Every structure is written in C-alpha cells, then in structure tokens.
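Working notes, beginning with the structure itself.
Because the structure is a prediction, the values reported are computed rather than measured. Nothing fancy with the numbering, it's 1 onward along the sequence.
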Amino acid sequence: MRIGLLQCDDVAPELIDAHGNYPAMFEALLAPAAFSLGVSLEWQVYRCLDGEIPDDVEAVDAWLTTGSKFGVNDGHAWIVRLEDFVRALYRAEKPLVGVCFGHQLIVKALGGEVIKSPKGWGVGLSNNRVGEREPWMTPWQHDLDLLVSHQDQVETLPEGASTLGGSGFCPHYLIRVGRCFLGVQGHPEFRPDYSRDLMRLRQGLVGEERVRQGQASLAGRIDDGVMAEWILRFMREAMAVREG
C-alpha cells in the first residue's frame with residue numbers, strides 16, 4: 001500500500017531531537033499494524049506547510065494528513081490549496097484519513113464548520129465512546145482513548161458525514177464522510193513522553209491547571225494500536241470499494 005503523507009507541520013525545534021518528526025511518528029505508528037495485516041507500506045511525504053501540494057490524486061493508494069500548530073481557519077495560502085486538493089480527493093473517492101488538523105481540514109473543505117472551542121484546550125489523554133460500529137473497526141471496542149492537543153474543534157459536519165464516536169468535550173471526535181474519508185481528532189501517532197514534553201512547551205498557551213490535568217491523564221491506557229489497525233483497515237476497505 002502506497003501512502004501519501006500530507007505533512008502540515010514540523011515537531012518543534014526544542015523537541016525534534018528527542019522525539020523525531022511527524023513522518024517518523026506515523027511510520028512507527030502504522031508499522032506494527034501493517035505487519036499484523038500482512039501489508040507492506042511505502043511512504044511518499046509531501047511538505048504541504050512549505051507549499052508542496054500534490055497535483056495528482058492517483059499518485060498513491062491512500063492519503064493521510066497530519067496535525068498542525070496552524071488552524072484550518074488561518075487563511076494561509078497553502079491551507080487553501082490543500083482544501084482544494086481534499087475536495088479533489090473526495091470527488092475521486094480516494095481514501096483519506098485526517099488526524100487532528102487533518103480531521104478539521106476535511107470538515108472545512110467539504111462545507112462543515114470548525115471553531116475555537118469555548119471549552120478550551122484538550123491535552124493529554126482523551127476518553128471517547130464509539131457509538132457506531134463499522135466493519136473495519138477490528139479489533140472492536142466501544143472506547144477510543146487517544147492523546148490529544150487541540151483547541152479547535154468540529155462544530156458542524158458537512159453533508160454526507162456521520163459521527164462515529166465522541167465525548168462531552170469533543171462530540172465529533174471520530175467521523176466518516178462518504179465512503180472514503182475518515183477523520184479523528186486524537187493523535188494516535190503521539191507517545192506519552194512526547195505529549196508530556198509538548199504540554200510543558202505549550203503551558204503558557206494551555207494554562208497551568210489544564211496541563212496539570214493532562215499530565216496526570218497520561219497514566220491511562222492509550223488505544224494507539226487499535227486506531228492504527230482501524231486506519232489501515234479503513235484504507236483497505238475504501239480502496240476496495242473504489243475499485244468496485
């Protein structure tokens with residue numbers, strides 16, 4: 001399976017030596033699931049934050065969008081161009097999985113609404129309930145607990161979208177749009193040590209009390225392996241549907 005990674009940010013310079021950059025994080029996330037499923041992964045990275053937006057939806061088998069310190073409503077030229085590419089992928093029914101910023105980008109590009117949440121920052125471990133079970137959700141479980149770092153949230157879904165899971169803090173946490181798009185607000189690629197360091201780095205933005213709560217939450221179980229399998233199974237199913 002050839003995956004095109006739409007990279008929308010770099011790890012902060014203060015953290016990159018200890019934790020690596022986002023492409024390495026996603027490769028490490030999906031490698032065990034790929035081995036389990038007997039899938040060989042090939043990666044093509046596009047540095048969208050530098051204006052490197054793909055021009056061919058068929059360049060790879062499936063696409064994956066990273067998170068970002070930028071917001072989908074910031075109006076940067078590269079974000080506007082990336083929205084155009086997301087719409088092209090949707091018209092072509094090409095598989096796309098959006099993570100955090102990528103999740104919100106899908107929603108905005110297709111006519112939904114993303115806002116800065118009045119509930120403030122979500123950091124640390126986010127606990128969510130999955131209310132809709134789909135065939136690619138194997139291994140199945142009702143809970144989906146992933147690490148997060150966000151203050152923007154999906155407010156209104158676009159046409160053709162459905163919410164698969166969420167919480168009182170983030171109702172539209174896991175969504176599917178049409179047959180080919182999947183979005184998740186959490187960061188399955190994050191590890192607890194990176195989440196801890198990122199919270200410390202952003203304490204001035206997030207607030208001391210919210211960081212303290214987020215740090216304490218890191219002792220909980222994280223469903224990164226489950227989400228990795230769901231991502232690859234979703235991509236494989238979406239590819240099969242597209243091929244008829």
Side-chain angles (χ1 to χ4, degrees), residues 1 3-11 15 19-37 39 41 43 45 62-69 95-107 122-130 132-134 136-150 152-154 163-167 169-170 172-177 181-199 214 217-238:
M1 183 187 298
I3 296 179
L5 184 67
L6 303 171
Q7 186 178 347
C8 300
D9 201 3
D10 288 310
V11 168
L15 304 181
H19 302 288
N21 210 346
Y22 293 119
M25 289 185 184
F26 277 100
E27 290 184 30
L29 168 71
L30 294 183
F35 180 80
S36 176
L37 296 175
V39 176
L41 299 183
W43 292 87
V45 178
W63 299 86
L64 179 62
T65 307
T66 74
S68 181
K69 63 177 171 289
L96 170 65
V97 175
V99 171
C100 194
F101 171 90
H103 164 75
Q104 297 163 9
L105 183 74
I106 287 172
V107 168
V123 293
L125 186 61
S126 170
N127 305 117
N128 300 273
R129 189 73 170 171
V130 181
E132 297 291 333
R133 182 177 183 178
E134 304 221 343
W136 44 268
M137 291 178 174
T138 301
W140 164 246
Q141 59 184 52
H142 286 288
D143 300 317
L144 184 65
D145 301 339
L146 299 172
L147 298 172
V148 296
S149 183
H150 68 101
D152 289 353
Q153 290 195 30
V154 173
T163 297
L164 305 178
S167 68
F169 183 83
C170 184
H172 304 297
Y173 189 87
L174 181 69
I175 67 168
R176 179 177 52 78
V177 189
F181 278 18
L182 177 68
V184 62
Q185 183 59 64
H187 281 277
E189 80 282 11
F190 279 14
R191 302 305 305 141
D193 56 346
Y194 175 68
S195 179
R196 182 178 295 108
D197 288 350
L198 184 61
M199 281 188 271
S217 74
L218 296 179
R221 184 203 71 209
I222 301 171
D223 295 320
D224 52 343
V226 171
M227 191 67 221
E229 285 216 30
W230 287 10
I231 286 172
L232 289 184
R233 289 181 185 276
F234 177 83
M235 286 178 170
R236 193 165 62 177
E237 180 179 292

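Residues that satisfy the side chain to side chain contact (heavy atoms under 4.5 Å, CB included) test with His187, not counting sequence neighbours, are Val99, Cys100, Glu189, Phe190. Among residues two or more places apart in sequence or in another chain, the side-chain hydrogen bond (donor to acceptor under 3.5 Å, both in side chains) test is passed with Ser217 by none. Residues meeting the side-chain hydrogen bond (donor to acceptor under 3.5 Å, both in side chains) test with Arg233, sequence neighbours left out: Glu229. With sequence neighbours excluded, no residue satisfies ring pair (Phe, Tyr, Trp, His ring centres under 6.0 Å) with Trp43. With sequence neighbours excluded, no residue satisfies side-chain hydrogen bond (donor to acceptor under 3.5 Å, both in side chains) with Ser68. Scored by the side-chain hydrogen bond (donor to acceptor under 3.5 Å, both in side chains) test, Glu134 finds Trp136, Arg176 as partners (sequence neighbours excluded).
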- Item | Pair Leu174-Asn128, side-chain contact (heavy atoms from CB on, under 4.5 Å): steps then yes or no | CA-CA 9 Å; Leu174 181 69; Asn128 300 273; over 6 Å; no
- Message: Apply side-chain hydrogen bond (donor to acceptor under 3.5 Å, both in side chains) to residues Gln185 and Gln104 and explain how you reach the verdict.
- Response: CA-CA 8 Å; Gln185 183 59 64; Gln104 297 163 9; 3.0 Å; yes
- Item | Candidate pair Met235 and Leu64, rule side-chain contact (heavy atoms from CB on, under 4.5 Å), full reasoning | CA-CA 10 Å; Met235 286 178 170; Leu64 179 62; 4.2 Å; yes
- Please step through side-chain contact (heavy atoms from CB on, under 4.5 Å) for the pair Gln7 and Asn21, ending with a clear verdict. CA-CA 10 Å; Gln7 186 178 347; Asn21 210 346; 3.7 Å; yes
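What you find for Met25 and Gly20 is that their closest heavy atoms are CE-O, 4.0 Å. Minimum heavy-atom separation, Ile175 to Leu182: O-CD1, 3.2 Å. When all heavy atoms of Gly98 and Ile106 are compared, the pair lying nearest together is N-CD1, 3.8 Å. Across all non-hydrogen atoms, the minimal contact from Leu96 to Phe234 is O-CE2, 4.3 Å. Pairing each heavy atom of Val148 with each of Gly186, the nearest pair is CG1-CA, 3.8 Å. Of all heavy-atom pairs spanning His150 and Cys170, the tightest one is CE1-SG, 4.5 Å.
By the 4.5 Å heavy-atom criterion applied to side chains, Val97 and Trp63 are not counted as neighbours. Counting heavy atoms from C-beta outward, Ile3 and Leu30 have side chains that approach closer than 4.5 Å. By the 4.5 Å heavy-atom criterion applied to side chains, Leu41 and Leu232 are counted as neighbours.
Note on ring orientation: taking the six-membered ring where Trp is involved, the planes of Trp230 and Trp140 are parallel (angle under 30°, cut-offs 30° and 60°).
To the nearest 0.5 Å, atom OH of residue Tyr173 and atom CZ of residue Arg129 are 15.0 Å apart. Interatomic distance, Leu144 CG to Leu164 CG, rounded to the nearest 0.5 Å: 10.0 Å. For the atom pair OH of Tyr22 and CG of Leu6, the computed distance is 15.5 Å after rounding to the nearest 0.5 Å. Within the model, atoms OG1 of Thr65 and CZ of Phe26 stand 8.5 Å from one another, a figure rounded to the nearest 0.5 Å.
Test Leu198, Val123, Ile222, Asp224 against Leu147 for side-chain contact (heavy atoms from CB on, under 4.5 Å) and you get one pass: Ile222.
With hydrogens and angles disregarded, no donor-acceptor distance shorter than 3.5 Å links the side chain of Asp223 to the backbone of Leu146. Using a distance-only test at 3.5 Å, with no hydrogens or angles considered, no donor-acceptor pair links the side chain of His19 to the main chain of Arg191. Side chain of Thr66 to backbone of Cys8: a donor-acceptor contact under 3.5 angstrom is found. Asp9 contributes a side-chain N or O that, together with a main-chain N or O of Lys69, makes up a donor-acceptor pair within less than 3.5 Å. Under the 3.5 Å distance criterion, the side-chain polar atoms of Asn127 are left unmatched by any main-chain donor or acceptor of Asp145.
For Glu132, the CD atom is loosely surrounded, since the number of other residues' heavy atoms within 6.0 Å does not exceed 12.
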